[in-house]
Q: 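Dropping a structure here in structure tokens format, bear with me for questions.
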Amino acid sequence: MKIFVLLPRIPYPLEKGDKLRAYNQIKQLAKNNEIVLCALNDKNIDQQKAFQALQPYCGSINFIKLSKLRILTGLIRAFFKGLPMQCGYFYNRQAARKVDTLIAKHQPDMLYGQLVRVAEYIRHKDIPKAIDYQDVFSYGMKRRRDIASWITRPVYHMEYQRLCRYEAKVFDEFDVKTIISQPDRDLIPHPKHEEILIIPNGVDHEYFRPRQEEKRYDVVFTGNMSYAPNVNAVDYLSNEILPIVWKTLPEAKMYIAGATPDPKVKKAASDRIVVSGWLDDIRDAYAQSRVFIAPMRIGTGLQNKLLEAMSMGLPAITTPLANASLGAKPNEEILVGNNAEELAKHIITLLTDQGKAAQIAQAGYDFTNRVYDWGKSTEILESEMKKLLTPNP
């Protein structure tokens, strides 16, 4: 197959979950198919490095710059058309013409769009097409609305309602629909959401493997630190969870590792909380820490950070929200806490009970290696695409 892959971001560097998913799916799909990549770009990144990283897997690589003026115009149009603002941010007519030109030039067998953010570009094309919802954006927006200030709550509520309508609308316009996890699939606002294929993320187990290094930190949390759910998690850690831990273990040190830390994240830094910012190799953060925690209270989808930490042999702690997508066995493969007190207790347990920490770490490692594999998950997607192109007997 010749697959035209349309992304809202250039999938490199791999500091965001959607980039990680796109990069690894392209890498796997390229084994048996020709990939024509078209990625929108609203950031100043090193495009040459990105091109070099993607070139081994793509027959054609195309980046479309989204200027601030075009983004503003798109947002205004989306507001008056009743579209989600996320769609307006990534869609403009100039970019659409470039996408149309590329599709006409390459004549792909299949269109594959990542996230509803790009659906406007391809939803009306008369070519077999797939959309990766990835997460249920509408419910993620609802969770953000529920904790927002009274000033911003109406904005989040408007976006929540628009996303609900849009997620349901595009469902009927794509031949294949995919998503990361069953909990997210069941929240898609469409009566036939069970038709959505669950395509889980994977983890590169050869890359994220256990390393024996000196431990500089007791607890670590990683991720893109400008992403609202991660910012919220840091606030939860610094103001509610860690103060409880410090009553028992006053010397416990926390490592907040990840790109573009929000001012709220930077503010959390202290003599016992280290905020790193961008790391050239995120594995260093895992290898130098004893325990991993992902205290997620908002957001949707599978947390890649949990897969990476567990694959590197760290005992992990999270919330029911994050584990619902992960599917690890509580108290066997992972520790799950419902509130700050329970999460703090789990940290203390893993830092003071080496036997328990080793047991959780090994079981978590075995679980991720057994369940999460990019090759196996992408095979499901590729198989469904091929069915569309194979005539019925």
Side-chain angles (χ1 to χ4, degrees), residues 203 208-223 225 229-230 232-258 261 265 268-276 279 281-297 303-323 326 328-369:
V203 61
F208 291 102
R209 58 183 178 181
R211 283 173 23 187
Q212 298 301 318
E213 290 190 19
E214 180 184 355
K215 304 302 179 183
R216 300 175 58 191
Y217 310 100
D218 296 294
V219 189
V220 63
F221 174 59
T222 64
M225 290 303 159
N230 288 340
N232 180 268
V234 171
D235 178 70
Y236 193 26
L237 274 165
S238 60
N239 293 316
E240 298 184 47
I241 299 170
L242 290 174
I244 300 173
V245 173
W246 288 328
K247 290 178 182 178
T248 302
L249 300 172
E251 302 301 318
K253 201 165 188 179
M254 179 83 214
Y255 194 27
I256 307 294
V265 174
S270 68
D271 58 340
R272 292 185 288 191
I273 300 178
V274 176
V275 177
S276 74
L279 293 178
D281 192 340
I282 196 64
R283 293 176 299 176
D284 293 340
Y286 297 124
Q288 295 168 10
S289 304
R290 292 184 173 86
V291 172
F292 180 81
I293 186 169
M296 314 310 295
R297 295 188 293 183
Q303 298 296 315
N304 295 298
K305 55 180 71 74
L306 279 166
L307 298 180
E308 294 168 356
M310 294 165 78
S311 183
M312 288 196 69
L314 269 72
I317 303 166
T318 194
T319 58
L321 174 65
N323 196 49
L326 181 68
K329 294 178 182 177
N331 208 40
E332 292 184 29
E333 297 162 337
I334 198 168
L335 296 183
V336 178
N338 292 286
N339 51 51
E341 289 75 15
E342 291 183 6
L343 292 166
K345 181 180 178 182
H346 289 328
I347 291 174
I348 294 167
T349 295
L350 293 179
L351 291 178
T352 58
D353 187 338
Q354 293 186 1
K356 181 70 171 179
Q359 178 260 309
I360 294 291
Q362 184 62 53
Y365 172 83
D366 293 341
F367 165 73
T368 54
N369 276 262

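Scope of the values below: all heavy atoms of this structure, side chains included, with no hydrogens, waters or symmetry mates.
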Q: To the nearest 0.5 Å, what is the distance between CZ (Phe292) and CG (Leu350)?
A: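 Atom-to-atom, Phe292:CZ and Leu350:CG are 13.0 Å apart.
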Q: Which distance, rounded to the nearest 0.5 Å, do you find between the OG1 of Thr349 and the CD1 of Ile360?
A: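 Rounded to the nearest 0.5 Å, the OG1-CD1 separation comes out at 10.0 Å.
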Q: Sequence neighbours excluded, which residues qualify as salt bridge (Lys or Arg N to Asp or Glu O under 4.0 Å) partners of Glu240?
A: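 Counting only residues at least two positions away or on another chain, Glu240 forms a salt bridge (Lys or Arg N to Asp or Glu O under 4.0 Å) with Arg297.
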Q: With rounding to the nearest 0.5 angstrom, report the CZ to CZ distance, Arg283 to Arg209.
A: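 One gets 8.0 Å once the value is rounded to the nearest 0.5 Å.
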Q: Go through the structure and list residues passing side chain to side chain donor-acceptor pair (under 3.5 Å) with Lys329, not counting sequence neighbours.
A: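 Not a single residue meets the side chain to side chain donor-acceptor pair (under 3.5 Å) criterion with Lys329.
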Q: List the atom pairs, with distances to 0.1 Å, where a side-chain N or O of residues 305-319 and a protein N or O form a donor-acceptor pair under 3.5 Å, not counting sequence neighbours.
A:
{"residue": "Lys305", "atom": "NZ", "partner": "Asn230", "partner atom": "OD1", "Å": "3.2"}
{"residue": "Lys305", "atom": "NZ", "partner": "Gln303", "partner atom": "OE1", "Å": "2.7"}
{"residue": "Glu308", "atom": "OE1", "partner": "Tyr286", "partner atom": "OH", "Å": "2.8"}
{"residue": "Ser311", "atom": "OG", "partner": "His205", "partner atom": "ND1", "Å": "3.1"}
{"residue": "Ser311", "atom": "OG", "partner": "Phe208", "partner atom": "O", "Å": "2.5"}
{"residue": "Thr318", "atom": "OG1", "partner": "Ala294", "partner atom": "O", "Å": "2.7"}
{"residue": "Thr319", "atom": "OG1", "partner": "Met296", "partner atom": "O", "Å": "2.6"}

Q: With Asp366, which residues qualify under side-chain contact (heavy atoms from CB on, under 4.5 Å), at least two apart?
A: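 Once residues adjacent in sequence are excluded, the partners of Asp366 under the side-chain contact (heavy atoms from CB on, under 4.5 Å) criterion are Gln362, Arg370.
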Q: Ser270: what forms a side-chain contact (heavy atoms from CB on, under 4.5 Å) with it, not counting sequence neighbours?
A: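 Result, side-chain contact (heavy atoms from CB on, under 4.5 Å) vs Ser270: Arg272, Ile273.
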Q: Can you name the residues that form a ring-ring contact (aromatic ring centres under 6.0 Å, His included) with Tyr217, not counting sequence neighbours?
A: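 Testing Tyr217 for ring-ring contact (aromatic ring centres under 6.0 Å, His included), a comparison that skips the adjacent residues, returns Tyr255.
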Q: Tell me, which pairs form a salt bridge (Lys or Arg N to Asp or Glu O under 4.0 Å) where one or both residues lie in residues 345-365, sequence neighbours left out?
A: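 Passing the test, one end in residues 345-365: no pairs.
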Q: Of all residues at least two apart in sequence or in a different chain, which pass the ring-ring contact (aromatic ring centres under 6.0 Å, His included) check with Tyr236?
A: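 Here no residue qualifies.
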Q: Taking the side chain as every heavy atom from C-beta outward, state whether Asn323 and Pro330 have any atom pair closer than 4.5 Å.
A: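 Sidechains of Pro330 and Asn323: in contact.
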Q: Does Ala287 offer a backbone N or O that forms a donor-acceptor pair with the side chain of Lys215 under 3.5 Å?
A: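 Judged by distance alone, yes, a pair lies under 3.5 Å.
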Q: Applying salt bridge (Lys or Arg N to Asp or Glu O under 4.0 Å), which residue pairs with at least one partner in residues 284-295 are found, sequence neighbours left out?
A: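 Non-adjacent pairs meeting salt bridge (Lys or Arg N to Asp or Glu O under 4.0 Å): Arg211-Asp284, Asp218-Arg290.
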Q: Using the test side-chain contact (heavy atoms from CB on, under 4.5 Å), find all partners of Ile348 that sit at least two apart in sequence or belong to another chain.
A: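 If we apply the side-chain contact (heavy atoms from CB on, under 4.5 Å) test to Ile348, skipping adjacent residues, the hits are Val245, Thr248, Leu249, Thr352.
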Q: Closest approach of Pro295 and Leu343, non-hydrogen atoms and distance?
A: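 Scanning both residues completely, I find the closest heavy atoms to be CB-CD1, 4.1 Å.
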Q: Identify, with sequence neighbours excluded, every residue that meets side chain to side chain donor-acceptor pair (under 3.5 Å) alongside Asn338.
A: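 Listed in chain order: Glu342.
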Q: Rounded to the nearest 0.5 Å, how far does CZ of Phe221 lie from CD1 of Ile256?
A: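 Between atom CD1 of Ile256 and atom CZ of Phe221 there are 7.0 Å.
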Q: What closest approach, in Å, do Val220 and Ala285 show between heavy atoms, and which atom pair accounts for it?
A: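 Between these two residues, the closest heavy atoms are CG2-O, 3.9 Å.
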Q: What residues form a side-chain contact (heavy atoms from CB on, under 4.5 Å) with Pro210, not counting sequence neighbours?
A: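 With sequence neighbours excluded, Pro210 shows a side-chain contact (heavy atoms from CB on, under 4.5 Å) to Tyr365, given in chain and number order.
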Q: What's the separation between atom CG in Leu279 and atom OG1 in Thr222, rounded to the nearest 0.5 Å?
A: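 Nearest 0.5 Å value for the CG-OG1 distance: 9.5 Å.
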